[in-house]
Amino acid sequence: MGSYEDFYRHSLDQPDAFWAEQARLIDWERPFDQVLDASRPPFARWFVGGRTNLCHNAVDRHLATRANQPAIVFESTEADQRRQYTYAQLHAEVNRVAAMLRELGVGRGDRVIVYMPMVPEALFTLLACTRLGAIHSVVFGGFAAHSLALRIDDARPVLLVTADAGMRAGRVIAYKPLVDEALTLAQHPPAQVLVFNRGLVPGTSLTPGRDVDFATLGAKHEGARVPVEWLESSEPSYILYTSGTTGKPKGVQRDTGGYAVALAASMRHIYTGQPGETMFTASDIGWVVGHSYIVYGPLLNGMTTVLYEGLPTRPDASIWWRLVEEHRVSVMFTSPTAIRVLKKQDASFLKRHDTSRLRHLFLAGEPLDAPTHAWISDALPATQVLDNYWQTETGWPILGPVPGVQARPRKLGSPGVALYGYRVKLLDGLSGAEVTAPNQKGVLVIEPPLPPGCLSTVWGDDERFVSTYFSSFETPVYNTFDWATRDEDGDYFILGRTDDVINVAGHRLGTREIEEAISGHPAIAEVAVVGVKDDLKGQVVMAFAVPRDPTRLQREEGRADLEREVMDTVGRTLGAVARPARVHLVAHLPKTRSGKLLRRSIQAVAEAREPGDLSTIEDPSSLEGIQAAMKARG
Ligand code: ATP
Ligand code: MG
């Protein structure tokens, strides 16, 4: 692997030298005394004694050289709005919001829940929090009151910042009533609520003594200047809950200095965005990709970030590519799920705009199946489409490509190699022995210390941090709860969640391999595969597939044919053991708000059990579809 191999080895063999070098990518108010303190494993503290601030590095630092460069370009196809902020304007807005928060009593170490749509004021709020040393915790706008209340009780905020409403697919989703309800459900509600009124819901009511109007308070603080609060590197910057795909979400606690360095380094080595260029991350601030690559990564790097409120398919499926053309986007980031949505539409939508400046499109969050990877690569001939694998916990990729260090041949179906700083291993799920032979399955683990940027602990629960992540094997390694193979070149292939492994008569099958085989069928748009209890075989494979042509769901005859064809496709590609016992055609699949398949809920419904924690589900009616399919077809 030539020079990347050297780079990688250096990061593991001389971590102090390696990370001290990366730490020069950000400003320190006080230099650190020690690169790494790993004296209390598995906890790690990076850049000990150093003092810095995320907001300073993302905003103030650029004023000298890029005051007039756009920092944020905002477009909402939902509310039909466009706004732009230069770094100088962003600086002014962030200072103003920091002054507002300060007046409401927010200070260093206080928690602030941000329950906002994708509007610039949400970004101002996040940056204002980090400016003050307050800890933000973003909850996906529009999450149910119960889900919001759970996170409030875990984070115990002094303030909640919200808006009257968000919009999705042309529908107004009123947030304020959800907040009001969550505050009655919560045991530890914040004393104050700051409400940004977008004018989407006439007559949004404010509770006197508790609720404060954003614009009114903002008018008071026009032109305010609030000094940056310098934090010790390990002081928390934010709390963010995992997607809840496999169970109850975990509150990931992020530090300050390690995160800033990790993101700045990732922009250079992985995402290759140049200062002054534009990055468009089509995601949501409610999940980790939004934190790292809508907000902090591009701004730390002096780039322009595109903030887009809307769907990839409205007004039509060319909208993203219009944004790419207009804003001269050179780096883009989204999820495979979103690309699968576009794949259901005509590919000509991608040809309507000039996308020739788009160097890289990064995809993460779910397995990127080879047919989808090939489809989007063909549709964007000037763009390299690259997978990368990570988690809320890590804040930046674990496995990925490294175009900033070395061009490597792309392998469809693989996110790439172990990234610098991560000592990645595969362990046998049963014996815990290391799997070293190529192309053998194992659980993907990371040897501590985790590199900079990764979670410092579970918020308020060090014990849960250790017991959740470091206690699966005899040796204390970080468990990703994903399983994978590695080939001769060191490229990894993710096979699925360890929870989702299907055991058919002693054969251990990954959901990914079967789903990939099915998604190769031209009539299938999306599929979820689960293992369902079976008296004879232990488990059998059951597939729920969404046809590209929805009318196939209505025609009974064509439906049975397609179901059989899908079974045959799997039998042919993977052999008889993997052949699904049943294939059900459905209109939708249940997913989390961040676009992940909720296989555990599908499996529960298929086994006639309760679906479990649904606090992060996008559309509860999709589970009813699964239920109906099970009832109808037995
Ligand atoms: P929870 O931990 O609450 O169950 P979650 O694991 O879905 O939820 P996230 O942190 O949002 O929460 O997702 C990380 C997971 O997403 C990874 O562990 C992996 O299963 C999956 N994933 C992310 N990127 C990729 C990728 N490029 N290829 C395959 N899987 C991916
Ligand atoms: Mg997880």
Side-chain angles (χ1 to χ4, degrees), residues 138 140 147 150-151 154 240-252 254 270 283-293 333-340 361-370 372-373 385-401 410-419 422 424 443-446 453-455 458 464-465 468-469 472 478-485 491-501 510-513 515-516 519 528 590-601 612-618:
V138 180
F140 253 120
S147 315
L150 285 176
R151 288 162 180 71
D154 194 53
L240 180 63
Y241 294 85
T242 59
S243 296
T245 314
T246 57
K248 200 166 157 259
K250 299 160 281 260
V252 163
R254 195 88 62 209
I270 303 166
S283 177
D284 193 286
I285 51 163
W287 80 297
V288 69
V289 171
H291 281 62
S292 291
Y293 298 108
F333 191 160
T334 191
S335 65
T337 314
I339 303 298
R340 284 190 277 267
L361 167 62
F362 290 92
L363 301 172
E366 282 251 280
L368 174 59
D369 58 282
T372 301
H373 197 166
V385 179
L386 298 167
D387 191 3
N388 58 122
Y389 160 89
W390 46 299
Q391 307 184 306
T392 309
E393 289 86 346
T394 62
W396 62 284
I398 303 166
L399 306 175
R410 181 195 66 167
K411 290 183 189 162
L412 289 187
S414 166
V417 289
L419 289 170
Y422 290 100
V424 175
V443 179
L444 191 80
V445 303
I446 305 165
C454 295
L455 78 169
V458 170
R464 188 171 176 208
F465 172 69
T468 302
Y469 297 107
S472 310
Y478 173 88
N479 192 345
T480 63
F481 298 101
D482 289 308
W483 70 324
T485 62
D491 286 290
Y492 285 81
F493 293 79
I494 302 291
L495 301 174
R497 315 268 186 162
T498 50
D499 284 10
D500 292 338
V501 169
T511 49
R512 159 100 191 245
E513 357 179 29
E515 286 169 4
E516 180 118 11
S519 60
K591 290 185 189 152
T592 64
R593 278 292 297 274
S594 54
K596 291 163 192 294
L597 284 174
L598 274 165
R599 287 191 201 78
R600 69 175 159 84
S601 302
D613 185 287
L614 290 179
S615 62
T616 64
I617 196 168
E618 163 87 46

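Predicted, not measured: the structure shown is a model, and the values here were computed from it. All residue numbers refer to positions in the sequence shown, counting from 1. Counting convention: from 1, in listed order, for ligands and their atoms alike.
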Distance from atom 24 (N) of ligand 1 to nearest protein heavy atom, with residue and atom: G365 N, 3.0 Å
Let me see the working for F362 and W390 under ring pair (Phe, Tyr, Trp, His ring centres under 6.0 Å), right down to the final yes or no. CA-CA 12 Å; F362 290 92; W390 46 299; over 10 Å; no
Under a 4.0 Å N-O cut-off, is there an ion pair linking R599 with D499? no
Strictly distance-based, threshold 3.5 Å: is any side-chain N or O of R340 a donor or acceptor partner for the main-chain N or O of T372? no
Examine the proximity of ligand 1 to K248 and report which part, side chain or backbone, both or neither, has a heavy atom under 4.0 Å away. neither
Purely on distance, is any nitrogen or oxygen of G244 under 3.5 Å from one on ligand 1? yes
Which protein non-hydrogen atom lies closest to atom 4 (O) of ligand 1, naming both residue and atom, and how far is it? T246 OG1, 2.4 Å
Side chain, backbone, both or neither: which part of Q391 has a heavy atom under 4.0 Å from ligand 1? both
Using a 4.0 Å heavy-atom threshold (strictly under), name the region of T392 that reaches ligand 1: side chain, backbone, both or neither. both
At a non-hydrogen distance cut-off of under 4.0 Å, which region of N388 contacts ligand 1 (side chain, backbone, both, or neither)? backbone
Heavy-atom nearest neighbour in the protein, as seen from atom 28 (N) of ligand 1, with distance rounded to 0.1 Å: E366 O, 3.4 Å
Considering only the protein, which heavy-atom contact is closest to atom 13 (O) of ligand 1, and what is its distance? K596 NZ, 3.0 Å
Give the residue and atom name of whichever protein heavy atom lies nearest to atom 6 (O) of ligand 1, and the separation in Å to one decimal. R497 NH1, 2.7 Å
What is the nearest protein non-hydrogen atom to atom 2 (O) of ligand 1, stated with its residue, atom name and distance? K250 NZ, 3.2 Å
Plane angle bin for Y478 and Y469 - parallel if under 30°, tilted between 30 and 60°, otherwise perpendicular: parallel
Among non-hydrogen protein atoms, atom 14 (C) of ligand 1 lies closest to W390 O, 3.6 Å
Are S594 and T592 close enough that a side-chain donor and a side-chain acceptor fall under 3.5 Å? yes
Give me the nearest non-hydrogen protein atom to atom 29 (C) of ligand 1 as residue plus atom name, then the distance to 0.1 Å. P367 N, 3.3 Å
